[in-house]
Structure formats: C-alpha cells, structure tokens
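Just so you know, residue 1 is the first one in the sequence shown, and it goes up from there. Indexing begins at 1, ligand by ligand and atom by atom, following the structure's order.
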Amino acid sequence: MIEGLSSQPKSLPPKYFYDSKGSQLFDQICRLPEYYLTRTETAILERVGSAISQITGPCEIAELGSGSATKTRLLLDAYEAADYPLRYIPVDVSGSALTESSKLLLQGYPTLSIYGLVSTYETALKALPPKSLPARMIAFIGSTIGNLRPDECGDLLARISGTLDPGDYFLLGLDLQKEISVLESAYNDSQGVTAAFNLNMLSHLNQRFEGDFKLNNFAHVAQYNKQDNQIEMYLSSLEAQTAWLNVLGLTVEFEEGDRILSEISRKFSLDEIKKTLSAHQLSVVQAFTDEKQWFGLLLCQRRS
Ligand code: AVI
C-alpha cells in the first residue's frame with residue numbers, strides 16, 4: 001500500500017474497500033438498477049443450476065469469496081433436487097460473514113455439511129480438506145476475477161487448476177464486454193452508491209492507519225479503458241493537498257487532478273477467456289449466458 005501511494009500514478013489495493021461500511025455499500029450496489037451484474041448472474045444460475053448438477057453428478061462445492069452465499073443457494077437447490085449429498089466448503093477472509101452465512105445455510109439444508117475456511121484464496125487452496133464426494137467444483141463467481149490484473153488472474157488460475165484432480169470442475173462467473181454506456185452507468189450509478197463505496201476506502205484508511213484524508217476533497221471517477229477492456233475507478237484529488245497516515249509515517253502529496261487508481265474491473269470476451277483457461281488445463285464444458293450475452297457462467301473441467 002505504501003508503494004502504491006508513493007508511486008506515480010498512485011494506486012491502492014481493492015481489498016481496502018471492504019470494511020463493514022464498504023461491505024454494506026457493496027451489497028447496496030448489487031441491488032442498483034444500473035448494476036446488472038448480480039441480477040444477470042443470479043438469473044443464469046436459476047435457469048441452469050439443474051443442468052450443472054446433471055453434468056457434474058454428485059459434487060462438493062468449494063467457493064472462493066463465499067460472502068453471504070446468496071447465489072450459492074441456487075446451486076445447492078439444484079443438487080438437493082437431484083438428491084445428491086450436499087457438501088460446501090466456503091472460503092472467505094471475513095470470519096463473521098462465513099459464520100453467519102453457514103448458520104443460515106445449515107438451517108435451510110438439513111443434509112448439508114460445511115467445512116469453512118477463513119482465509120485468503122491462496123492459503124485456502126493449499127488447505128482444502130480431502131475430497132469426500134466423487135467430484136469437486138471450485139466456484140469463483142460474481143466476476144471477482146475481473147478485479148485481478150492479468151498476472152494475478154494467471155497466478156490464481158494456475159493455483160486452482162493445481163488443486164483440482166483431473167475430471168474435477170471449475171465454475172467461473174464473469175462480466176462480458178458490451179456497450180460502453182452500459183458499463184460506465186453500472187459504475188456511475190444515479191444514487192451515488194458507487195461513489196460512496198469508492199470514497200469509503202479513504203475513510204477506511206483514515207481509521208486503520210490514523211489518516212487525515214478529507215473525503216470532500218476527492219471525487220469518484222469511473223471510466224472504461226477500451227484498450228485494456230476494463231472499467232477503472234479512481235479517487236481524483238479536487239485540489240492540491242497533503243494527506244498524512246500516522247501509523248505508516250507516510251505523507252502523500254496531491255496536485256489538483258491527481259488520481260488514485262482504486263480498482264480495475266475487467267470485461268472479458270468468451271474466446272479470450274477460453275484460451276486463458278485452456279492454458280491452465282481447464283476446458284470449458286459449457287458456457288452459459290443470458291439473452292443479451294452480458295454475463296458468462298463457464299463450467300470448466302480439469303484436463304488430465
Ligand atoms: C466485486 N467486484 C466484482 C465488483 C465489480 O463490479 O468489479 C466491485 C465493484 N466495484 C464497483 N462496483 C462494484
């Protein structure tokens with residue numbers, strides 16, 4: 001983080017979005033009319049959950065970034081309807097989110113067994129319990145993959161592929177390339193929730209590192225970079241100013257108009273991602289999408 005704030009252009013790791021206020025704001029984003037991602041992926045899962053269960057047969061689900069596990073219920077419903085045993089391995093950095101969602105799931109699915117891991121993805125992938133059903137599926141949905149740079153994405157896919165046995169599954173949810181106006185509206189919503197989410201990162205840093213960022217002195221900017229096919233979110237300094245982070249002993253100087261890159265959200269083409277997955281021994285068994293082809297849910301299988 002010190003490096004990101006000291007370099008030109010400045011950047012911050014997106015993990016600093018998610019203090020408790022940031023997580024609440026993200027939940028609100030998921031319900032915004034302009035933010036089509038969550039409802040489109042949910043609709044796809046509702047439609048194809050049973051097709052997925054038919055392809056995989058009895059299969060345990062390990063989910064990276066399980067959060068409230070709302071969408072996962074649609075998969076569990078499908079496996080339950082098929083009369084398959086239910087086993088779920090949620091992975092999340094938030095212990096409270098994991099405990100809460102697990103309690104609710106256990107109430108709703110009496111035959112479900114859960115093995116939760118409060119951990120980063122990397123550590124969890126090394127610590128997964130032995131497989132206890134004929135197959136395992138690692139689920140990484142919600143287009144969180146889009147928040148990773150290509151090098152980080154390659155690293156994670158290599159780790160995922162490395163932990164799966166040949167024949168095991170990987171379920172990937174990802175946002176697809178589309179008209180720029182649709183993309184930019186999704187990250188510049190009319191109620192200003194995304195702006196509040198972005199600015200909240202500074203208030204999180206203030207709390208965590210005894211900082212003095214003045215939120216009113218920054219503006220939310222989200223724009224599509226056509227060359228790299230990604231939305232870029234910035235915090236743009238409205239005036240020349242200095243911020244101080246006491247715990248880090250760090251002074252950050254801004255000229256008017258200087259920006260901090262707070263997030264990238266990559267948008268994929270199906271052909272390109274299929275090639276990337278294939279380079280990691282992951283073959284797409286079936287690509288599900290919505291009628292506008294705005295979002296993709298790819299069921300992949302680990303090759304031998
Ligand atoms: C978590 N992630 C998939 C969201 C996205 O769309 O890239 C984060 C987000 N940032 C602003 N709005 C939503």
Side-chain angles (χ1 to χ4, degrees), residues 11-45 63-72 90-94 97 101 120-121 139-150 152-153 156-157 171-204 218-225 228-236 259-269 273 290 292 294-298:
S11 64
L12 278 166
K15 67 175 179 191
Y16 290 114
F17 283 129
Y18 300 100
D19 61 354
S20 66
K21 175 88 189 291
S23 302
Q24 269 173 29
L25 286 166
F26 181 65
D27 285 348
Q28 255 177 276
I29 288 176
C30 293
R31 295 192 294 271
L32 289 170
E34 295 96 335
Y35 195 75
Y36 58 85
L37 286 82
T38 312
R39 61 170 186 278
T40 310
E41 187 178 46
T42 303
I44 299 173
L45 272 166
E63 182 175 14
L64 302 181
S66 52
S68 60
T70 316
K71 284 175 277 184
T72 321
V91 174
D92 207 283
V93 282
S94 161
S101 62
T120 61
Y121 305 151
F140 190 38
I141 59 177
S143 202
T144 308
I145 193 168
N147 302 130
L148 304 179
R149 293 190 313 263
E152 295 170 323
C153 174
L156 184 65
L157 290 177
L171 185 69
L172 178 64
L174 79 181
D175 199 15
L176 300 177
Q177 290 163 13
K178 60 184 67 62
E179 227 179 288
I180 294 179
S181 59
V182 176
L183 290 167
E184 289 192 338
S185 302
Y187 295 83
N188 286 293
D189 65 277
S190 54
Q191 295 171 50
V193 184
T194 312
F197 173 73
N198 198 8
L199 287 160
N200 179 63
M201 192 186 251
L202 296 178
S203 117
H204 184 195
F218 290 87
H220 161 75
V221 174
Q223 55 195 199
Y224 193 63
N225 174 335
D228 296 334
N229 292 304
Q230 61 192 23
I231 285 282
E232 292 171 354
M233 286 209 325
Y234 295 94
L235 291 156
S236 175
R259 291 166 156 197
I260 306 174
L261 175 66
S262 51
E263 184 178 65
I264 59 165
S265 188
R266 294 168 62 210
K267 309 300 166 187
F268 297 86
S269 86
I273 191 71
D290 53 291
K292 291 182 184 153
W294 277 7
F295 201 92
L297 187 68
L298 307 187

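For Thr120, the side-chain contact (heavy atoms from CB on, under 4.5 Å) partners two or more places apart in sequence, or in a different chain, are Val93, Glu122, Thr123.
One N or O on the side chain of Asp189 and one on the backbone of Thr194 form a donor-acceptor pair closer than 3.5 Å. Side chain of Asp175 to main chain of Lys267: no donor-acceptor pair is present (N/O by atom type, distance under 3.5 Å, no hydrogens or angles).
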Which protein N or O atoms sit under 3.5 Å from any N or O of ligand 1? Give each pair with its distance.
residue  : atom   : partner : partner atom : Å
ligand 1 : 2 (N)  : Asn147  : OD1          : 2.9
ligand 1 : 6 (O)  : Tyr35   : OH           : 2.5
ligand 1 : 6 (O)  : Tyr187  : OH           : 2.5
ligand 1 : 7 (O)  : Asn147  : ND2          : 2.9
ligand 1 : 7 (O)  : Ser265  : OG           : 2.6
ligand 1 : 10 (N) : Glu263  : OE1          : 2.6

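For the pair Ala186 and Tyr36, the tightest heavy-atom approach, listed with the atom from each and the gap, is CB-CE2, 3.8 Å.
A heavy-atom distance below 4.5 Å is not found between the side chains of Thr72 and Ser66.
Less than 6.0 angstrom separates the ring centroid of Phe197 from the ring centroid of Phe17.
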